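Because the structure is a prediction, the values reported are computed rather than measured.
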Amino acid sequence: MLVVVFSILLAGGWLIFKNEAPRPAQIVDQQGNVLISKKTLVSGQAVYEKYGLTDYGTYLGNGSYLGPDYTAEALHHYIEGMHSYYAQKLYHQPFKQLSEIKREGIIGKTRHEIRENRYSQSDQTLTLTTAQVAGLRAMQAYYRKAFINNPKQAGLPENMIKLQEKGNFLTKGNKVNQLSSFFFWGAWMSSTNRPGRNFSYTNNWPYDLEAGNTMPAEAMIWTALSVAFLVAGVGVVIYYQRRYHFDMQATYTTEAGMPLIDPDQPITTSQRKVAKFFVIVMVLFLIQIMLGELMAHYYVENEFFGLPLQNIWPFNLAKTWHLQLVIFWIATSWLAAGIYIVPRVLGREPKRQGILVDTLFWALIVVVGGSMLGEWGDILGFIKKQWWLFGHSGWEYIEMGKFWQILFIIGMLLWIFILWRGFVPAMRRKMAGEGADRTRLVTLLFFGSIAIPAFYLASLFIMPNSHVTFADYWRWWIVHLWVEGIFESFAVILIGYLMVDMKLTTVRSTVRALYFQITLLLGTGVIGMGHHYFWEGDHSIWLALGACFSALEVIPLCLLVWEAYTHYRVYRDTTGSFPYKGTFMFLVSTGLWNAVGAGALGFLINAPAINYFEHGTQWTSAHAHGSMAGVYGMFSIAILLYVMRNISQKSVWTPKVEKWVKWACIALNVGLAGMVFATLMPVGYIQLKDALTNGYWHARLTSFYHQPLVSGLMWGRMPWDLIFTAGVVILLVVVVYAFFHLKPAENKKMAAAHETFDEQTTPSH
């Protein structure tokens, strides 16, 4: 199955690169004068990347949402410049003073002119008409005004871009002019027809009637078909799920009561050392959400309650850290959980494991601190030549410079080595019956762990001069395939392992359920990531594949609600002595947000007919928060509580502390729900309506957020943010308190007390 879906993904990627928009060696006027060279285009792209503008606005709809979409905005000003040119040439008047008939005539003439593709493949030259040159000049003038001596850009410092900046991938010349050349190229490829076709390189995205950009008919067709696929898929999957009982079967009955679970067992040196990982997790979590609150404030005013924080922490830096830290703290919690499991799988402490764990911890500290300082120094102009190595990579979700990305991968490989020392010997044990199933479960967990660093390697394919289509293809391997696919698969495997480890479900049923869930998750998710390629690849491939498989992605996510009910049933059926109630509250939250945040909100924005107009609005942000915080965040907290309960003293977990954990869970869920459904969804609805009425470029103006209703909704987010923050602070206090009350490391006692595989099963003969 994996061979098939990845073959489709790679073949579709090859078609994307084959059909990507050309980057001309030169852009010239009709007299042959060079207006823009390829070096200028690459340098302009490097400026965009160096200053982290992807974490302020968007390009081709991908990035952050406070700033404009530079593709749509550049297209609008390019067309306006052409309108002004023809108004003066034909009627010697400003365009706005012309009669409606004359304006419509110019609009039609301009629309026809920009749709014609004047790129010559033989000499790699793009020739612009005189009117197009005027449009280019008008657009360049607009961006000179926007980026030079203009202190009113929300959340950005004045004169952020250094006009004569020097560094790798940057060529001599005015950097704002080069940046605007990069924006012009985006406007050109989004409005010029592909050779021999009647739609642009971006399948007529963004929506702009004056450019002739309207939703292609195929988008509506495949939206309808995707719904049909969803309905059919639900029926098929539910049939097989119920027919073959692909769910985790409990080892207990309500009448018999819960199995005896004793978390107060001896622990090893490496298990004790993971506690400091979880303290860092909570500190990073708190910093991350405070940065999110700072960004939310920039939507309503340029400063922070009168303090000019945009000069120290501009919006693009806050967004960079906000995204990077969520990956760091979630990944760190999973690394720590894996380290904790090793002695439980092996039955003893591997030699000198503690030294490796400490090495990994300090390596993570270096990567987190170093990459954040590098991004800060790059965006504020302190890092010059080697900005792409030590500063900002320029792409959302993989903001770390290449040097830090490589260190991050090395750290994850060290983690795999730590796991290998315990997992591989356990996997080599020959067992029969239940023992064989346990070996399969350990094998699943180990290979799921290997996939985490393996798929992050896609980030290394992207360089500062990579074609944006090439770069975004691999970037979505990180954002969607790595985060939403591999993370999701690893999460369900780890949940299955924990359920077996706590003796709550049978091994065989858990392994069967995991095979079924992983097949659905990766079978739909790998190809389903094609919905990100609607507006930059070959539409005949990805409109079909992306639409249908994105719809099917919803099914396994919603089926996890049943798993959430299983966890709720455990929580409900337990007595006061059950030690993992906090863990199961967060597991229930994980399942519900899987269905709502990842499933329902994902399906809402992935259908081509909606995505065409919605792409890059606050509905996307609602989905991102619901899935990232609601699914991976809640799950990470669940495993954090599980491990901390096992490595800290029993006296820590009093009824009062358990009650505080419960309130933290409630606060996080209420705060997140309010953030998503009381702010982001209503604002996204207004923004989508604006895009349908006035064009996408208009809905992405920063002035959109200063409308009274939208501004009021953004201010109204504050209570929900504070409730969410309260939940994080409570958990931070609990984790720190437990950190100072850890059990002593007793390696020999742990080995003696542990139930080894041999003791649990009968060896095969």
Side-chain angles (χ1 to χ4, degrees), residues 248 261 263 267 270-282 284-285 326-345 357 360-361 364 412 415 418-419 422-423 441-442 444-446 448-449 452 483 486-502 504-505 510 514 517 560 563-564 566-567 570-571 578-594 628-648 653 658 661 664-665 668 727-728 731-732 734-735 738-739 742:
M248 299 180 191
I261 301 175
I267 62 172
S270 64
Q271 289 178 320
R272 193 175 195 273
K273 287 178 180 290
V274 301
K276 58 180 176 283
F277 285 79
F278 290 122
V279 173
I280 294 299
V281 163
M282 292 310 305
L284 296 181
F285 190 11
V326 71
I327 292 178
F328 275 143
W329 74 259
I330 288 174
T332 300
S333 67
W334 296 15
L335 300 184
I339 293 168
Y340 167 79
I341 289 172
V342 169
R344 295 181 73 90
V345 169
V357 173
L360 177 61
F361 175 79
L364 287 173
M412 288 192 287
W415 176 63
I418 292 172
L419 299 188
F423 279 56
L441 182 57
V442 172
L444 276 175
L445 187 58
F446 184 60
S449 303
I452 292 178
V483 174
I486 302 305
F487 272 30
E488 186 79 55
S489 300
F490 180 79
V492 298
I493 295 171
L494 187 53
I495 288 174
Y497 176 85
L498 296 181
M499 296 291 283
V500 170
D501 193 56
M502 290 184 283
L504 296 174
T505 58
T510 299
L514 292 179
Q517 291 176 12
L560 292 177
E563 187 177 287
T566 302
H567 303 147
V570 171
Y571 173 79
F578 184 69
Y580 300 117
K581 284 194 172 184
T583 291
F584 277 84
M585 281 189 287
F586 280 98
L587 287 179
V588 172
S589 303
T590 301
L592 294 177
W593 281 106
N594 242 325
M628 200 69 177
V631 179
Y632 304 114
M634 298 295 181
F635 173 69
S636 299
I637 295 169
I639 59 176
L640 175 151
L641 291 170
Y642 171 78
V643 176
M644 290 302 295
R645 177 64 185 88
N646 289 336
I647 65 177
S648 58
W653 303 95
E658 296 282 4
V661 171
C665 183
L668 288 175
V728 178
L731 286 174
L732 174 60
V734 170
V735 171
F739 175 77
L742 298 176

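Among all heavy-atom pairs drawn from Ile639 and Trp334, the shortest one is CD1-CD1, 3.4 Å. Shortest non-hydrogen contact noted between Leu731 and Ala664 is CG-CB, 3.7 Å. Pairing each heavy atom of Val345 with each of Gly422, the nearest pair is CG1-O, 4.1 Å. Of all heavy-atom pairs between Ile486 and Gly448, the closest is CG2-O, 4.5 Å. Gly633 approaches Trp329 most closely through the heavy-atom pair CA-CH2, 3.6 Å.
Leu668 is listed as a side-chain neighbour of Ile637, based on a closest heavy-atom distance under 4.5 Å. Contact check for Val326 versus Met628: side-chain heavy atoms found under the 4.5 Å cut-off. Looking at Leu335 and Ile418, their side chains never come closer than 4.5 Å, going by heavy atoms from C-beta outward. Annotation: side chain of Ile339 is in contact with side chain of Phe277 (closest heavy-atom distance under 4.5 Å). A 4.5 Å side-chain heavy-atom check between Asp501 and Ile341 finds every atom pair outside the cut-off.
For Lys276 and Phe361, the positive end sits near the middle of the six-membered ring, less than 6.0 Å away and at most 45° from its axis.
Checked by atom type, the side-chain pair Trp653/Ser648 shows a donor-acceptor distance below 3.5 Å. Side-chain atoms of Asn594 and Glu488 form a donor-acceptor pair, as typed in the model, at a separation below 3.5 Å.
Residues forming a salt bridge (charged side-chain N to carboxylate O under 4.0 Å, His left out) with Arg272 (at least two apart in sequence, or on another chain): none. Applying the side chain to side chain donor-acceptor pair (under 3.5 Å) test to Trp415 and every residue at least two apart in sequence or in another chain returns nothing. With sequence neighbours left out, the side chain to side chain donor-acceptor pair (under 3.5 Å) criterion links Ser449 to no other residue.
The line from OH of Tyr497 to CG of Leu445 is 7.5 Å long, rounded to the nearest 0.5 Å.
Proximity of a side-chain donor or acceptor of Thr332 to a complementary backbone N or O of Val281 within less than 3.5 Å is not detected.
Taking the six-membered ring where the residue is Trp, Tyr632 and Phe487 present perpendicular rings, their angle passing 60° and hence far from 30°.
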